[in-house]
Amino acid sequence: MYEYLDSLNDAQRAAVENLEGPMLVIAGAGSGKTRVLTYRIVHLLNHGVDPFRILSLTFTNKAAKEMKQRIAAQVGRSEAKNLWMGTFHSVFAKILRFESDKLGYPANFTIYDAQDSERLIRNIIKEMMLDKDVYKSKQVFSRISSLKNSLITVKSYHHHAELLEADTAAMRPRIVDIYKEYVERCFKAGAMDFDDLLLRTNELLTRFPDVLVKYQERFQYIMVDEYQDTNHSQYLIVKALADMFKNLCVVGDDAQSIYAFRGANVKNIMNFQKDYPYMKTFRLEQNYRSTNNIVQAANNVIANNREQLEKDVWTANSSGEKINVVRTITDNEEARYVANNIYEKAVDNELDWSDFAILYRTNMQSRALEDAMRRREIPYRIYGGLSFYQRKEVKDLLSYFRLVINPKDEEALRRIINFPMRGIGQTTMDKLAIAAGEYKQPMFRVIENVAKLNLGINAGTVRKLNDFVNMIKAFGVQVNSSDAFVVADNIVKSSGLIKELQKDTSPEGVARYDNMQEVINGVKRFVEDNKEQADGDISLSAFLQDVALLTDADKDDPNDNNRVSMMTIHMSKGLEFPYVNIVGMEEDLFPSGMSVNTRAELEEERRLFYVAVTRAEKQATLSYTQSRYRWGKISDAEPSRFIEEVGEDYLEYVTPRGRMSRSIGDGGNVTGSLFGGGDLRTAKPKSGTPPKPEVRTNRRLKPVSSVSASPSVNAESVSGKLSKGNFVKHERFGTGEVLLVEGVGQNEKATVNFEKGGIKKVLLKFARLEILR
DNA sequence: TCATTGGGCTTTTTT
DNA sequence: AGCCCAATGA
């Protein structure tokens, strides 16, 4: 009846067919988790569940997009697009915009990224005249972040003496004062940071019971992917939303929990049974992805961890190649080895570049690798690192957009008020900041009234300030009458940004100019993509909302995909590649020197290594070097403990030199030119350079408002009224004859032979059936 | 009052 | 090697 069920193994099928009630799917690496998630949603839809009623939370927007495409292939695009699917952050940002007035926020609130947050905190520390070496902005930010993710507000902080004790012991007793000021300033700026998106959602759901009920009713089926990486705040949101129907399906793998550092709590997965004692557990243990050598090696490594759920990952695949281990003398040599090794394998076996990935522990490692790839003319794509949206010139331009849409946004204001230079300097800004604090007004308001306020700013500067305010306001007026592209184009031209970037003709300067142009192109694409849709919003405000939570992982050019992927191990989660190079396998780097002090931290590093190894389908190659540039100096390195944890049975040590000489065609000459680089005959300058980053916009979900029109629970239910022989009508499947009715009450199901859809089994509770006769 | 230049510090992982 | 900040010149 449902062909896709035949493509699943027993455990997978059982999970897909279990539609009701709380359930935990423990999915070992490569066990077909995405398949299960996808088909389970298809199965729900085929049982008549309204797509608007399904909430599926994924780890990245990209994962959501891909899953939606797969579902669309089964049930059609128009159905699939109504699913609520995305990251916690993007889904709840949408809900928060819709409900913003309840919390006192504007609907077009700004989302502060980590950089904005840190700058604000740095400012606050300065204003409070605290020692910036004791109160390091980054550390303060991460402390505040973890408080927020544990749902500890400023108020509840004061109710827990141990918190202040801990901060006092860390010599930072005034953290809570910074916290308080930070929260107030964000609110005043009409801004939420990443953690607020979760914290404020919790606030919304607890303070407004009617709102809670509304979303509980809307989300009758909830699925959470990568559940092991949810933090306390996310856990509470899910628990609250699922409380009415308890149709909650969480999927995860404790062995792949790698985000404890940002507040993720593995215990969420371990404790699931406590919250829902009658829940069902499904274990997906057969690995379809990797060779037996890889699966066994990974199992061997993870066995060193104490904290874990019982699980036996196995595979029916052949044993395959052993895991190669390579030692080099320097980090540059390591990079060259990796590039040559990839080149050689690709040519010898006629493989695509996209069959390869290079994974590293820290972003800084990408540099040497990038050079080597370029030298060898291998096309590659770097994910993460300094993302496109974090680049200075891109943030500057987006800050103009932000300020125009939300003039209260102080971080945006501070970035651009003197860029391009307008002669508004530090002294003036200090005076404005003091006034903004005293009058408890957003800085933009203060500047608007600067002439009346007598702040001791000289007349010339006052005029400059007025010009600035008038310019922003003029853009603001234009927003109401024109589409995003028209406004954006005007902003770039009349703000002087384009002139500013044009005058820098260095290669970096040209790249900056191109990046800014790319943003404008992105706006153009956004407008064209959305204007054909009846409900498409093509305002600058809509563009900003779209772009705020995008990350590098979300963009992928389908026309230019044949490239080697380079990324941190964290970013590689959920992906797979035939050949994987894991580089920098050294103590102090992987495991990170920051994480070897406690067992918990070390175990997280080990899980990270587990994730890295299990990305590989055919072969994994580990490499390490004996010396590495760090902090501008050369330092010695020793091989990572994780290498020996793999076990000799699965390892093969490879000497780099022989292989390298062959690949370069330099016959055995080991020194000199061989490692000198730059003498590769085939190398042509400029080719093989990475593609320019580009802005891509996600297709937007339907606005929240259109959803609330759908009927509430049971409104159209035909439970108890149906019997064999009836003819019914379904929105999507058309008319059909009832063949069988089974189950009672909540579980009542009908088997119907539909005109369009064929024979389907539907849950009467949710199927919108109309009885014809 | 603002722009420029040199010194000190930093580097884990991300929505 | 890059970024922020403090001292100095314009």
Side-chain angles (χ1 to χ4, degrees), chain A residues 57-64 86-93 111-115 117-119 122-123 126 132-133 136-139 141-142 145 148-149 192-199 226 229-231 233-234 257-264 359-368 383-387 389-390 392 418-431 456-462 464 508 548-554 567-573 584 588-596 601 604-605 607-609 611-612 628-633 635:
Chain A
L57 296 165
T58 56
F59 198 67
T60 61
N61 287 309
K62 186 185 176 195
T87 59
F88 272 90
H89 294 266
S90 60
V91 167
F92 294 115
I111 296 173
Y112 274 179
D113 66 14
Q115 209 183 359
S117 298
E118 211 191 310
R119 283 167 75 124
R122 194 182 304 139
N123 262 325
K126 207 192 287 177
K132 67 176 167 49
D133 296 326
K136 291 189 201 277
S137 57
K138 217 181 201 128
Q139 290 176 9
F141 176 45
S142 95
S145 171
K148 282 185 171 182
N149 285 324
M192 294 204 196
D193 67 13
F194 286 134
D195 305 317
D196 281 331
L197 296 175
L198 307 173
L199 182 70
E226 308 284 5
D229 286 324
T230 52
N231 62 35
S233 199
Q234 292 167 322
S257 160
I258 54 175
Y259 283 98
F261 74 91
R262 85 175 193 213
L359 307 182
Y360 34 82
R361 174 70 242 261
T362 66
N363 281 305
M364 65 163 194
Q365 289 167 261
S366 67
R367 202 186 198 82
Y383 292 81
L386 225 211
S387 97
Y389 302 101
Q390 286 166 10
K392 183 183 175 325
N418 202 29
F419 185 83
M421 280 194 277
R422 301 185 172 87
I424 302 169
Q426 196 54 54
T427 319
T428 308
M429 288 308 286
D430 287 347
K431 288 175 184 165
I457 297 172
N458 69 38
T461 311
V462 167
K464 290 172 191 161
E508 299 82 15
L549 290 168
L550 282 192
T551 62
D552 267 13
D554 298 323
M567 65 188 90
T568 62
I569 301 168
H570 280 90
M571 295 218 69
S572 75
K573 198 169 65 160
D588 215 37
L589 183 60
F590 193 20
S592 157
M594 316 285 289
S595 301
V596 289
E601 286 172 326
E604 175 146 319
E605 294 285 310
R607 290 191 295 268
L608 196 52
F609 182 54
V611 168
R628 178 177 294 278
Y629 261 107
R630 290 238 258 173
W631 303 295
K633 282 198 211 97
S635 56

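Residue numbers begin at 1 in each chain, while the letters A, B, ... track the order of the sequences. This structure is a prediction, so every number in the text was calculated from the model and none was measured. Note that these values count all heavy atoms, side chains included, but never hydrogens, waters or copies made by symmetry.
Taking atom CD on A:E118 and atom P on B:dT14, their separation rounds to 15 Å, with Å as the unit. Note: CZ (A:F141) to P (B:dT12) measures 15 Å, nearest angstrom. Nucleotide B:dT13 holds its P atom 13 Å from the CD1 atom of A:I258, rounded to whole Å. Rounded to an integer number of Å, the gap from CE of A:M421 to C1' of B:dC2 is 9 Å. As a whole-Å value, the separation of A:F59 CZ from B:dT13 P is 15 Å. Here the P atom of nucleotide B:dA3 and the CD atom of A:Q426 are 11 Å apart, to the nearest Å. One can place CD of A:Q115 at 15 Å from P of B:dT14, the figure rounded to the nearest angstrom. Separating the CZ atom of A:F419 from the P atom of B:dC2 is a distance of 18 Å, rounded to the nearest angstrom.
Nucleic acid contact class of A:K464 (heavy atoms, under 4.0 Å, all strands): none. Among the protein residues, A:K431 comes within range of the sugar-phosphate backbone only, with heavy atoms under 4.0 Å from sugar or phosphate atoms but none that close to a base. Heavy atoms of A:N458 sit under 4.0 angstrom from primed sugar atoms or phosphate atoms, though from no base atom. Within 4.0 Å of A:T428, counting heavy atoms only, lie sugar-phosphate atoms of the nucleic acid but no base atom. If you check every strand for non-hydrogen atoms under 4.0 Å, A:K136 touches sugar and phosphate atoms only. The residue A:D195 sits apart from the nucleic acid: no heavy atom pair falls under 4.0 Å.
By the neighbour-count criterion of 12 heavy atoms within 6.0 Å, atom CZ of A:R367 is sparsely surrounded, having that number or fewer from other residues, nucleotides or ligands. A:F419 CZ: more than 12 foreign heavy atoms inside a 6.0 Å radius.
Under 4.0 angstrom from either OP1 or OP2 of B:dT11 there lies at least one side-chain N or O belonging to A:K138. Considering only side-chain N and O atoms, A:N363 lies under 4.0 angstrom from the phosphate OP1 or OP2 of B:dT13. Listed pair A:N418 / B:dA3 meets the phosphate criterion, a side-chain N or O lying under 4.0 Å from OP1 or OP2. In terms of phosphate contacts, A:R367 brings a side-chain nitrogen or oxygen within less than 4.0 Å of OP1 or OP2 of C:dG2. OP1 or OP2 of C:dC5 lies within a sub-4.0 Å distance of a side-chain N or O belonging to A:R122. For B:dT12, neither phosphate oxygen OP1 nor OP2 lies less than 4.0 angstrom from any side-chain nitrogen or oxygen of A:T568.
Toward the 5′ end of DNA chain B lies the nearest nucleotide of A:I424, the other residue of the pair A:I424 and A:M594 mapping further downstream. Comparing A:F88 and A:T427 along DNA chain B, the residue whose closest nucleotide (by nearest heavy atom) sits nearer the 5' end is A:T427.
Distance from the side chain of A:H89 is smallest for B:dT15 among the nucleotides B:dT14, B:dT11, B:dT15.
For the pair A:R122/A:F141, no side-chain contact is recorded, criterion being any heavy-atom separation below 4.5 Å from C-beta on. A:S145 places none of its side-chain heavy atoms less than 4.5 Å from the side chain of A:R262. By the 4.5 Å heavy-atom criterion applied to side chains, A:D113 and A:Y389 are not counted as neighbours.
A:Y259 and A:F59 have tilted rings, their planes meeting at an angle from 30° to 60° on a 0 to 90° scale.
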